[in-house]
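Keep in mind the model is a prediction, meaning the values are calculated, not measured. Every heavy atom of this structure was used, including side-chain atoms; hydrogens, water molecules and symmetry mates were not.
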Amino acid sequence: MDYAMIYSRASAGLDAPLVRVETHLANGLPVFQVVGMPETAVRESRDRVRSALLSSCFAFPERRITVNLAPADLPKGGSRFDLPIALGILAASGQLPAEGLGAWEFIGELALDGGLRPVPGVVPVSIAAADAGRRLALPGAAAGEAARVPGSRVFGAPDLLSLCAGLRGTRPLEQATAAAAAAPLPAPDLADVVGQPGARRALEIAAAGGHHLLFTGPPGTGKTMLASRLPGLLPPPEPRLALESLALHSLAGQGSVPERPFRAPHHSATAAALVGGGSVPRPGEISLAHGGVLFLDELPEFGRHALDMLREPLEAGRISLARARHRVSFPARFQLVAAMNPCPCGYDGDPDHACRCTPEQVSRYRQRVSGPLLDRIDLHVPVPRPPPRDLLARTARGEGSAAVRERVRAARNRQRTRQGRCNAELDDETLAHYCPLDDASRELLAQATERLGLSPRALKRCLRVALTLGDLAGATAPGRAQLVEALGYRQPTTE
C-alpha cells in the first residue's frame, strides 16, 4: 500500500480543528517533504520521525515520501504532528495495518529514540476527539490530563514501539484514567482581615454578583490581603466553566488548575502577557483567570495600552486575537480586582501621613488609568488605615470566609434560578425585566446620575449591583436602600 491517512488535530485557540495527515510513497529519488502550510517545528519533524523510526527497529522507506497536512490553508505549528506522520509512513509502507486507524486520532512529539513526549493543548484535542466519537492516542505523560474530559476515550503509550504493538493487537493498550486534581491549598480566610467593614462588604457583593472591584487606599492597609480572599468566597464553578479553564491551562502548558484561579501578574506585564498573543496566539493572564480572579496590584503602574486592552474582555467575557492568517478567540470571564494608591507617594488624604505630591503629580498619576476602564469597574471602594488599637486587639478577627461563602452561594442560587447567570453578566433587556423601578427610584437615579456624572454604562452597572444587594437581602427586587448603597460604590474614590 502506497497511501495512508491518519487523523490528528491542529490548535486554533480553544478549538482543535481536524487535520488529515495524508502520506504517499512514490518511486524516485529518496525525498521526504511535508506540505500543507507547515511551520518550522513541523518541517523539522522529518528528522525526528526518521530517527525515531530507525531507533524503534522500523524500516525507513528509501522512496519519495510526501506528507500532506489537510486542509492546506490551515496553519500548522508545533511538534504535535510527529506521531501521526510516523504512523502514516508505517501504514503506507505496510509495516502497520491500516485497517481500524480511522477510528483513532493521534497527537504527540517524537524523541530521537522513539519515545513519546507530551505537547501543550491536549485537553482541547480530547474534547474534539470525544465529540467526533474517536479514540485518542497520545504520549502517556499527557494521557491522564486528556482523560479528564467527560466522555473521552484516551490511550497513552510511552514510545512509538509500544503504541504500534497496541494498534496491531499484540499488546493491549490500556485506557487512561483521569488524573486526580491536585489537592487545593487552603484558601486564605477573610477572618484574618482586621477591621475594614466597608471593604469586606464590597468583597461579599463582588462574590455574590460577579462584579469587578477597585480598592483605593494608602500603602499597607490590606488591599492585597482583601483581594486574595475573594476566590475563597466563590462557590465551585459549573462543569462547563471548569472544563474551559482546564483547556486554557492545557494550552498554556499548565496542567494543575485550581477551582477558582487567582492570577496576579506583575505590573511590568506586557499587553500580550495580559490578554494573550504571539505569532501563534496563546492565552494570556485574563484567560488563565477564566472562572476566577485577576488581581492587578498597583494598577496605575501597568502600561496604559495594556490596561485599555482589558475593556473588551471586561464587557464580553472573551478576547479575540486577529493575525494575518487566522483569528482565534479565548474565553476570559474573570473578576477583576484592582488596587491602587491615591497618589504617587500613597498618602493623599491619609490623616496620619502628609502627602508629598504636587497636584500635577497626583493628576498625572490618576490619569494613567483611563476613564473608560474605571467606568467598567462596578465597585469603587476606599480602604482607609485601620486604627492601631484594632490591629493589636485579640478579638479583632471578623467573620470568616465560610459564613460569607454560604450567603454568596444562596445569592448565586437565586440568580441561577431566576435568570441562569450571575447579575454582572445580564444584558440591558434582562436587567430591565428583573430590576423594575418605580417613579421614586427613577428620580433618585436621575439625580445621582447628574450629581456624580455617571455614564449610561455606569448607571446600568449600579442597577446590577443593586440587584445583587437585593439577592443578598433575600428581596424579590431591589428597593431604595439597595439603590442608595449601589450608588455609594460609584463615588469617586480618587478625587
Side-chain angles (χ1 to χ4, degrees), residues 11-14 120-121 124 206 210-216 223-224 226-228 230-231 234 237 241 244-254 256-258 260-324 326-341 365-380 424-425 457 494:
S11 177
L14 272 193
H211 303 289
H212 306 304
L213 179 63
L214 171 64
F215 289 130
T216 305
K223 300 185 293 295
T224 301
L226 284 160
S228 66
L230 180 55
L234 300 174
L241 188 65
E244 287 179 344
S245 181
L246 177 63
L248 288 164
H249 282 75
S250 175
L251 281 174
Q254 303 177 14
S256 178
V257 187
R260 293 290 189 176
F262 182 82
R263 308 290 299 190
H266 190 261
H267 58 72
S268 61
T270 63
L274 276 180
V275 303
S279 57
V280 179
R282 296 293 183 188
E285 292 291 334
I286 63 173
S287 294
L288 296 178
H290 181 61
V293 176
L294 176 69
F295 176 52
L296 300 183
D297 198 8
E298 304 294 344
L299 184 66
E301 301 299 333
F302 283 82
R304 176 71 176 261
H305 175 61
L307 290 180
D308 285 343
M309 289 191 72
L310 297 178
R311 296 186 198 175
E312 177 193 348
L314 285 174
E315 292 281 353
R318 299 191 70 83
I319 179 68
S320 297
L321 304 172
R323 295 295 180 265
H326 56 287
R327 180 185 183 93
V328 299
S329 178
F330 295 113
R333 184 70 66 183
F334 60 93
Q335 281 189 253
L336 174 65
V337 180
M340 61 180 288
N341 297 328
Y365 177 77
R366 295 175 181 174
Q367 287 175 0
R368 294 179 186 175
V369 184
S370 68
L373 178 61
L374 291 175
D375 210 31
R376 288 167 166 81
I377 299 178
D378 306 333
L379 306 168
H380 297 235
E425 301 174 16
R457 178 189 292 115
T494 57

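Side-chain contact between Arg311 and Arg376 is present, with heavy atoms from C-beta onward closer than 4.5 Å. At a threshold of 4.5 Å between non-hydrogen side-chain atoms, the residues Leu307 and Leu296 count as touching. No side-chain heavy atom of His212 sits under 4.5 Å from any side-chain heavy atom of Val337. Two residues are said to be in side-chain contact when any heavy atoms from C-beta on lie closer than 4.5 Å; Ser320 and Val328 fail this criterion. Counting heavy atoms from C-beta on, the side chains of Val293 and Arg263 never come closer than 4.5 Å. The closest side-chain heavy-atom distance from Val275 to Phe330 is not below 4.5 Å. The shortest side-chain heavy-atom distance between Pro124 and Ser11 does not fall under the 4.5 Å cut-off. Met340 has its side chain within reach of Tyr365: a pair of non-hydrogen atoms, C-beta onward, lies under 4.5 Å apart.
Considering CD1 of Ile286 and CD1 of Ile319, their distance stands at 5.0 Å, rounded to 0.5 Å. Interatomic distance, Leu379 CG to Leu214 CG, rounded to the nearest 0.5 Å: 9.5 Å. Rounding to the nearest 0.5 Å places NE2 of His290 at 15.0 Å from CD of Glu285. Atoms CG and CG, from Leu14 and Leu251 in turn, are 6.0 Å apart once rounded to the nearest 0.5 Å. The CZ atom of Arg260 sits 9.5 Å away from the CG atom of Leu230 when rounded to the nearest 0.5 Å. Here the CG atom belonging to Leu274 is positioned 11.0 Å from the CG atom belonging to Leu288, to the nearest 0.5 angstrom.
The side-chain contact (heavy atoms from CB on, under 4.5 Å) test with Leu336 singles out one residue from Asp378, Leu299, Leu314, and that residue is Leu314.
Distance alone, capped at 3.5 Å, is enough to place a donor-acceptor pair between the Ser287 side chain and the Pro331 backbone. In this structure, His380 contributes its side chain and Thr216 its backbone to no donor-acceptor pair below 3.5 Å. The closest donor-acceptor contact from the side chain of Arg304 to the backbone of Gln367 lies under 3.5 Å. Judged purely by atom type and a 3.5 angstrom limit, Glu298 has no side-chain atom pairing as donor or acceptor with the backbone of His267.
The two residues Pro231 and Ser228 have their closest heavy-atom pair at CD-O, 3.5 Å. Of all heavy-atom pairs between Phe215 and Ala227, the closest is CE1-N, 4.2 Å. Scanning both residues, Thr270 and Ala306, for their nearest heavy atoms gives C-CB, 4.3 Å. Considering every non-hydrogen atom in both Leu241 and Gly291, the closest pair reads CD2-CA, 3.7 Å.
Taking the six-membered ring for Trp and thresholds of 30 and 60 degrees, Phe262 and Phe295 have nearly parallel ring planes, at less than 30 degrees apart.
Under the 4.0 Å criterion applied to side-chain N and carboxylate O atoms, Glu312 and Arg318 are not assigned as salt-bridge partners. A salt bridge does not link Glu244 with Arg333: every distance from a Lys NZ or Arg NE/NH1/NH2 to an Asp or Glu carboxylate oxygen is 4.0 Å or more.
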